[in-house]
Protein chains: 2
Amino acid sequence: MSPRRVTLADVAKAAGVSPTTASLVLSGRGREMRISEEVEQRVLKAADESQYRPNAVSVGLRTGTTRTIGFVSDTVATSRLAGDMIKGALEAARDRGVMLFIGETEGDPELERRLLQAMHDRQVDGIVLASMYTRTIKVPKEITASPAVLLNALSRQPAALPSILPDEVEAGRAAARVLLEAGHRDGIHLIGAGPRARDLPPGGAAAVERLAGIREVLKEAGVKIAGAPLSADWQPEYGLEATRAILEAGRPRALICFNDRIAFGAYQALGEYGLRVPEDVSVVAFDDHPLASWMRPKLTTVALPHYELGRKAVDVLFTEIRHHRAGAARETGVHRVPMPLRERESVAPPGP
Amino acid sequence: MSPRRVTLADVAKAAGVSPTTASLVLSGRGREMRISEEVEQRVLKAADESQYRPNAVSVGLRTGTTRTIGFVSDTVATSRLAGDMIKGALEAARDRGVMLFIGETEGDPELERRLLQAMHDRQVDGIVLASMYTRTIKVPKEITASPAVLLNALSRQPAALPSILPDEVEAGRAAARVLLEAGHRDGIHLIGAGPRARDLPPGGAAAVERLAGIREVLKEAGVKIAGAPLSADWQPEYGLEATRAILEAGRPRALICFNDRIAFGAYQALGEYGLRVPEDVSVVAFDDHPLASWMRPKLTTVALPHYELGRKAVDVLFTEIRHHRAGAARETGVHRVPMPLRERESVAPPGP
DNA sequence: TTAGGTTGCTAAATCGTATTAGCGGTGCGA
DNA sequence: TCGCACCGCTAATACGATTTAGCAACCTAA
């Protein structure tokens, strides 16, 4: 059926040299090993004509490096965002001629263990362990079998692995600033967390940090948070109800929604009450879900840089791999990736 | 740093037998090769105690099969849907103890070629070539190096590879039926394609088939399509404008939107005109984007079964691989995956 | 007594490459 | 004339498994 692949031995035979010579020439060590110009040309020609490409499995066995990395995450499908993260990782890997294994753990530690093993069995050069929403995780010990980095996650154990995270605190600051700069000082409500630093929904580190950034900037400006409904899950449904509650109680001038889905629900509630965005109420959110630019008016939001996170993770992983090969110790720093503000149409100066 | 992996030779030594014997026992051929019960136990014990796991790279080199398949698509990040497809593929692969390489071509044939080569260099057992929206593609000749299937795509060349596709015609029928069953007979407008069979947006096979299904059922019922604006891209913006155009011209009773994003735009236009869904206007769409259940009222839509498509692709790929190993010829059938109707809140009997 | 069969294991080859060690020939200096 | 360095290449080994061929010991039957 499929014709047998051409091997190094085939090339060597065609060029009339030994496999050793062919290997030397093709790995660029020809000069160094004093192979003559003429023989070198013969080998190159033979390789080219037969379309020789080295068998990566064999190379992997011989050298121990497979030009392959693993990307294991808790879930790949939850959101479009996961896709962007993978896309970033994929492109960074491609730039280096490296392939990506992917695996999904669904939060099951046993599955995670088996996946990491399966990847190590295949001799991956390194592993990106990703979480789809920012949180602290227990790093499985299997991971130590190769260089690794944490993406969107922090290790519970201290000094375990390098982490790549979005800069959520700065994002919080940006969200607060965009309102301040529009002239808002009163009637600013939070939906998703707050108003106090300890008012947080369960799970997820994003809330803490976004809230910290928001509080810091507002405090510096001497602005008080008007209020925040009890925080629950971050779904549109909650946004809808929380906003209704706020509207029952009074007249907000600005909403900081802890993600776009909440803002989506908030829009619906504001619509019900006949209030217009941004003339009556300004809205800022986080994530930059595709939804954000479909909403009308388009939502101003602080974007999660999924693509860049994915790229950065692979970049850091490769410096880890280099260090590892050089026998250096493991790094353990935290790398923060900026969250860019997407200014659209949902923020305006407060009305009279 | 990382302790050396334990190899078969280590196990053999620990058990006091030859590597041959150890291999035989561990591959379950011990009985067949008349290895004594006692030796067998010794080997098993040694393997277990040392936590031996075979090096998959070595096995790959020796046997030619790597328990690895490639998933290459034009894009992984475009939508949440891509993620679901990968998730389905991933789980089907996991069920078989197989790992997944992923790659993204961005529609670039050169990149596609290189990706397929990179995968074949790594001796993948087979390849899923996926498109994120249904269409006919030119199958690159590199793909013939291993078993392969097409996912969400049809080959331009005849009889090339098996294809896995959503059953779009039946989906069209389902959308039409849900309106008929609610009692609609007049004022049914299409947005995204039609009304005539040749009124299609550029690119994409889904439009043709959905339209065919819709037309078939409506025709059988003796119902005429009231109209359809010129079809353009399938974005919310177009849905908004197309619906406005319809509303300018008269009073629709039902809308069949060719995807959910169009329906999202349609909702906005209906809102502008003070019309209520579903009391004044019923809306059906296709895809079941997450958006569909966030909209109010929740959108009735015919779902693209991405997860199942992914699973099915891997299933079919594995029967291909089996056939290939048995020396059988390539299959070339088209496998249709049903598109389930998600009945929600956007369809009601026509008002007076 | 010996050919032949069975039992229970192992030696050796193999997959395709990288790499170390070495080989035959030439030129040169002492 | 011998020893040595250098040149240009190749033989042999290793990576970690699978698999084929075969071996020693014992038993059986003619």
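Letters A, B, ... mirror the listed sequences (proteins, then strands); counts begin at 1. This structure is a prediction, so every number in the text was calculated from the model and none was measured.
- Remark: the A/H335 side chain and the A/S163 side chain contain no N/O donor-acceptor pair separated by less than 3.5 Å.
- No side-chain donor-acceptor contact under 3.5 Å links B/S36 and B/E38.
- Within the 4.0 Å cut-off from OP1 or OP2 of D/dG16, not a single side-chain nitrogen or oxygen of B/Y52 is found.
- With DNA chain D read from its 5' end, the first of the two nearest nucleotides for A/S18 and A/T63 is the one closest to A/S18.
- Rounded to an integer number of Å, the gap from B/R122 CZ to C/dG16 P is 17 Å.
- Residues B/I137 and B/L154 are not in side-chain contact: their nearest non-hydrogen atoms beyond the backbone lie 4.5 Å or more apart.
- In this structure, B/V39 reaches the sugar-phosphate backbone alone: every heavy-atom distance under 4.0 Å involves primed, P, OP1 or OP2 atoms, never a base.
- The separation between A/M33 atom CE and C/dG22 atom C1' is 11 Å, rounded to whole Å.
- Across all strands shown, A/L8 has heavy atoms under 4.0 Å from sugar-phosphate atoms exclusively, and none from any base.
- The phosphate of C/dT17 (OP1 or OP2) has no side-chain N or O of A/S58 nearer than 4.0 angstrom.
- With a 6.0 Å cutoff to the six-membered ring centre and a 45° limit on the axis angle, A/R322 does not count as a cation-pi contact of A/F318.
- At D/dC9, none of the side-chain N or O atoms of A/T21 fall inside 4.0 Å of OP1 or OP2 (strictly under the cut-off).
- Side-chain proximity of B/S23 to D/dA11, D/dT19, C/dT17: nearest is D/dT19.
- A salt bridge links A/R29 and A/E32; the closest N-O separation between the charged side-chain nitrogens and carboxylate oxygens is under 4.0 Å.
- Regarding contacts with the backbone of C/dG16, every side-chain N or O of A/T7 stays at 4.0 angstrom or more from both OP1 and OP2.
- Atom pair B/R53:CZ and D/dG16:P shows a separation of 14 Å (rounding to whole Å applied).
- When the P atom of D/dA17 is taken as reference, atom CG of A/L61 falls 9 Å away, rounded to whole Å.
- Looking only at distances, no side-chain donor or acceptor of B/T65 sits under 3.5 Å from a matching main-chain atom of B/R67.
- With distances taken from any side-chain atom of A/V59 to the nucleotides C/dC15, C/dT17, C/dT19, the minimum falls on C/dT17.
- Salt bridge present: A/R31 and A/E37 bring a charged side-chain N and a carboxylate O closer than 4.0 Å.
- Between D/dA11, D/dT19, C/dT17, one nucleotide has an atom nearer to the side chain of B/T20 than all others, and that is D/dT19.
- Considering only side-chain N and O atoms, A/S36 lies under 4.0 angstrom from the phosphate OP1 or OP2 of D/dC9.
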Per-nucleotide pairing state of DNA chain C [Watson-Crick or G-U, under 3.5 Å; [ ] pseudoknot-crossing; | other strand]: ||||||||||||||||||||||||||||||

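- In this structure, B/I35 places its CD1 atom 13 Å from P of C/dT7, rounding to the nearest Å.
- When rounded to the nearest whole Å, the span between CZ of B/R34 and C1' of D/dC27 equals 14 Å.
- To the nearest angstrom, C1' of C/dG8 lies 14 Å from CD of B/E37.
- Residue contacts shown for B/V17 are limited to sugar-phosphate atoms, with no base heavy atom under 4.0 Å away.
- Counting to the nearest Å, the C1' atom of D/dC15 and the CZ atom of A/R62 are 6 Å from each other.
- Using a 4.0 Å cut-off between a side-chain N of Lys or Arg and a carboxylate O of Asp or Glu, B/R113 and B/D108 do not qualify as a salt bridge.
- Phosphate contact (OP1/OP2 of C/dT19, side-chain N/O of A/R29, threshold under 4.0 Å): present.
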